[in-house]
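Notes follow once the structure below has been shown.
Computed from a predicted model, the values in this text were never measured in an experiment. Labels below follow one simple rule: chain letters A, B, ... track the order of the sequence lines, proteins then strands, and each chain is numbered from 1.
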Amino acid sequence: MSHEPAEPRSSNFIRDRIIEDLKTNKYQGRVQTRFPPEPNGYLHIGHAKAICLDFGLADEFHGHTNLRFDDTNPEKEDVEYVNSIMQDIQWLGFHWDGLYYASDYFDQLYEWAIKLIRDGKAYVDDLTADEIRQYRGTLTEPGKNSPYRARSVEENLDLFQRMKAGEFPDGSRVLRAKIDMASPNFNMRDPVMYRILHAEHHRTGNKWCIYPMYDYAHGQSDSMEKVTHSMCSLEFADHQPLYNWFIQQLGIFPSQQIEFDRLSLTYTIMSKRKLRRLVEEGRVKGWDDPRMPTLTGMRRRGYTPEAIRNFVNAAGVSRTNGIVELAMLEHYVRDDLNKRSPRVMAVLRPLKVVIDNYPAGQVEEMDAVNNPEDAGAGSRKVPFTKTIYIEQDDFRENPPKGYFRLSPGREVRLRYAYLVTCTTVVKNDQGEVVEVHCTYDPATRGGNTPDGRKVKSTIHWVSAGHAIDAEVRLYDNLFSKEDPDQVEPGQDFTANLNPASLEVVTSAKLEPSLANLTAGSRYQFERLGYFCVDPETTPGKPVFNRTVALKDAWAKVEKKHAGK
RNA sequence: UGGGCCGUCGACUAAUGGUAGGUCAAGUGCCUUUGGAGCACUUUGUCUAGGUUCGAAUCCUAGCGGCCCAGCCA
């Protein structure tokens, strides 16, 4: 169950289905769902969609949701992942009712397998993996029965028990369901139920050397938990007949599977296998690298659970294979952060400004509003002095058309401080502007203009003598193509990695109110974007991650001109 | 090619035989001590062809297009 109040959402076919089932009393008014991750990797934003559906829908109808780890393959799974998964679900704001593991059901599953053998519905097959593949047939040709398909119940029972007892090596035999080798649906061509795997399981240790396949474990696990609506992604639609077949043969609680489309995002890969490669090959710094679409990465980047949930709800659910624009995710992050982030002034690329007519040694404490979107957030004092830093981008010696910021002879407002006019510039040997001189108007304290005079621009600043040095990490899309998998022949998705996805700014200047920082705190750096304190922050060296930049109308204009 | 699923503005998603609507993006204007936020407005859509019907995005037929399935992965 989640703690979130139900918010107005547009309808979707799963909710409609639940409403219909409630109306017909199909499950005595119960709604029971489950979220069934395999603990073989970190959760990503695609999982967030499934989580919001599984937990959100159950919550909406006063139902229950279990967290069930689908741990039927000991070779790929690990406790490291179960811990991270639990943490990520809680961080997203959801709470499970029951906590289960498919491995909790290994004994029951084994008993049921014995029953199916007794009923003549399952048999031990000695064919090799390769032979099984050949016997399975092709898209257009039916499969052939295995020569071992007609074994007696007694022989099957004996062999299966000996499989369990560890008498046979890995891969030597499997237990298969006896269905129909001519079915047009491959999943019904005598699917494998158990394989021999002499591997230590992270929960059951060495108790088992045979492990159930997904298809034999999932539906029965749902059934045991009396799951009423078992949501999964579209590629499992072909498995539904098999899901139902096992439940029918066993005569157990009829859980039903409902498939929906996965979440895809532009400029993003969602495949666990590929994300793992990025980590293992060192293309990113880890699963929690802020460029990763993992929940742990997004958390470190500064995304909020609310933003992710709002985005997922807005993106909706259907059965079409679409790709949501990353811009939509970014909108929901800004939307949430705008309401809750305290504003602060920080200069990423400092340019020294000297205010010639301002008294040397004087310090004025200027009142600055903490959050114009939140009257309760209060205000703070920011020190102003003769020498300050402004953003290099906020000065142009030769301003292009439409550029409103500081340039020789032009007056701008220093936020919460004074109106200043640029008089002269100082250049280095390379001809670069290294210092700007201004004069200020003492009548404009606080940025007010008693005479009603207007300036086109307000820029942020930090007092040079009070500034705190900081490292700021700026992120761009991890991939430079909307579809990272679109590559030239012979290449793979890593060819589309964006070489500029990380830019580290090492000498940013922060206003002194940022002296004590807590990892994970979020701020808006005025006019720049939303930033989050990184865990690598130390008392002497603050480190920030840019979550997302503010919308930038000027950048858009510039880009348009550049494009022409 | 056998089977399954799916085609609605640039993107995502509603409309459940009865006015094609919302969000994002894009654009215009207003406002602004963040070129932020906000407000107002605007552009663009039912894959195609037939059929049923007073009426079709919706139902039927046939095309076209996309995705998934031949693991002892999930």
Lys556(A) near the nucleic acid: base, sugar-phosphate alone, or nothing, with a heavy-atom cut-off under 4.0 Å?
sugar-phosphate

- Task: Record whether the side chain of Glu373(A) comes under 3.5 Å of the base of rG36(B) through a donor-acceptor pair of N or O atoms.
- Result: yes

- Task: Report the relative orientation of the aromatic rings in Tyr403(A) and Trp554(A); use parallel for angles under 30°, tilted for 30 to 60°, perpendicular for over 60°.
- Result: perpendicular

Given protein heavy atoms under 4.0 Å, the one-letter contact record of nucleotides 5-11 of chain B, with B base, S sugar-phosphate only and - none, is simply SSS--BS

Checklist entry - Has Ser11(A) got a side-chain N or O lying under 4.0 Å from the OP1 or OP2 atom of rA15(B)? => result yes

Handout entry: Residue-phosphate contact under 4.0 Å: Thr138(A) side-chain N/O, rA70(B) OP1/OP2
Key = no

*Base, sugar-phosphate, or nothing for Ala129(A), non-hydrogen atoms under 4.0 angstrom?*
base

| message | Tell me whether the rings of Phe493(A) and Phe479(A) are parallel (<30°), tilted (30 to 60°) or perpendicular (>60°). | response | tilted

Which part of the nucleic acid, if any, lies within reach of Ile210(A) when heavy atoms closer than 4.0 Å are counted: base, sugar-phosphate only, or nothing? nothing

Note: contacts of residues 329-344 of chain A with RNA chain B (heavy atom, under 4.0 Å) are His331(A), Tyr332(A), Asn338(A), Arg343(A)

From CD of Gln486(A) across to P of rC67(B) the rounded distance in Å is 13 Å

note: Arg15(A), atom CZ; rU16(B), atom C1'; distance rounded to Å ~ 15 Å

Please measure how far the P atom in rC24(B) lies from the corresponding atom in rA40(B), and state the result in whole Å. 12 Å

Next item on the list: For rA57(B) and rG2(B), measure between their C1' atoms and round to the nearest Å.
Entry: 30 Å

(Q) Under 4.0 Å, counting only non-hydrogen atoms across every strand here, what does Tyr418(A) touch: a base, just sugar-phosphate, or nothing? (A) nothing

Taking for Ile196(A) and for Asn187(A) the nucleotide of RNA chain B with the nearest heavy atom, the one nearer the 5' end belongs to Asn187(A)

Check your understanding: Between Phe106(A) and His201(A), does the ring centre distance come in under 6.0 Å?
Key -> yes

For Pro241(A), which contact category applies under a 4.0 Å heavy-atom criterion: base, sugar-phosphate, or nothing? nothing

Quiz item: Taking N and O atoms by type only, does the side chain of Asp238(A) place a donor or acceptor under 3.5 Å from a partner on the base of rG3(B)?
Solution: yes

Separation of rG21(B) atom P from Asn12(A) atom CG, nearest Å, is 22 Å

* Pick the C1' atom in rA15(B) and in rC69(B), then give their distance to the nearest Å. => 33 Å

| Taking only N and O in the side chain of Arg415(A), is any of them less than 4.0 Å away from OP1 or OP2 of rG35(B)? | no

Query raised in the report: Touch check for Gly402(A), heavy atoms < 4.0 angstrom, all strands: base, sugar-phosphate only, or nothing?
Result: base

Any Lys456(A) side-chain nitrogen or oxygen under 4.0 Å from OP1 or OP2 of rU32(B):
no

When rounded to whole Å, the CZ to P distance for the pair Arg522(A) and rG36(B) reads 23 Å

| request: Give His239(A) one of three labels, base, sugar-phosphate or nothing, depending on what nucleic acid heavy atoms sit under 4.0 Å from its own. | output: base

Once you apply a heavy-atom cut-off of 4.0 Å, does Asp170(A) come out as touching a base, just sugar-phosphate, or nothing? nothing

Quiz item: Looking for any heavy atom pair under 4.0 Å, which part of the strands does Arg413(A) touch: base, sugar-phosphate only, or nothing?
Solution: base

**Message:** Tell me whether the side-chain N/O atoms of Arg195(A) come closer than 4.0 Å to OP1 or OP2 in rG71(B).
**Reply:** no

**Item:** Presence of donor-acceptor pair under 3.5 Å, side chain of Arg527(A) and base of rG35(B)
**Value:** no

Practice problem: Can you tell me, in whole Å, how much space there is between the P of rG55(B) and that of rU19(B)? | Solution: 15 Å

Note to self: So Val317(A), base contact, sugar-phosphate only, or nothing? Heavy-atom distance under 4.0 Å.
What the structure shows: sugar-phosphate

Original post:
When rounded to the nearest Å, what value does the distance between P atoms of rU42(B) and rA56(B) take?
Top reply: 28 Å

Classified by glycosidic angle (syn within 90° of 0, else anti), rG4(B) comes out anti

Is Glu526(A) touching bases, backbone alone, or none of the nucleic acid, heavy atoms closer than 4.0 Å? base

OP1 or OP2 of rA74(B) less than 4.0 angstrom from a side-chain nitrogen or oxygen of Thr72(A), does that happen here?
yes

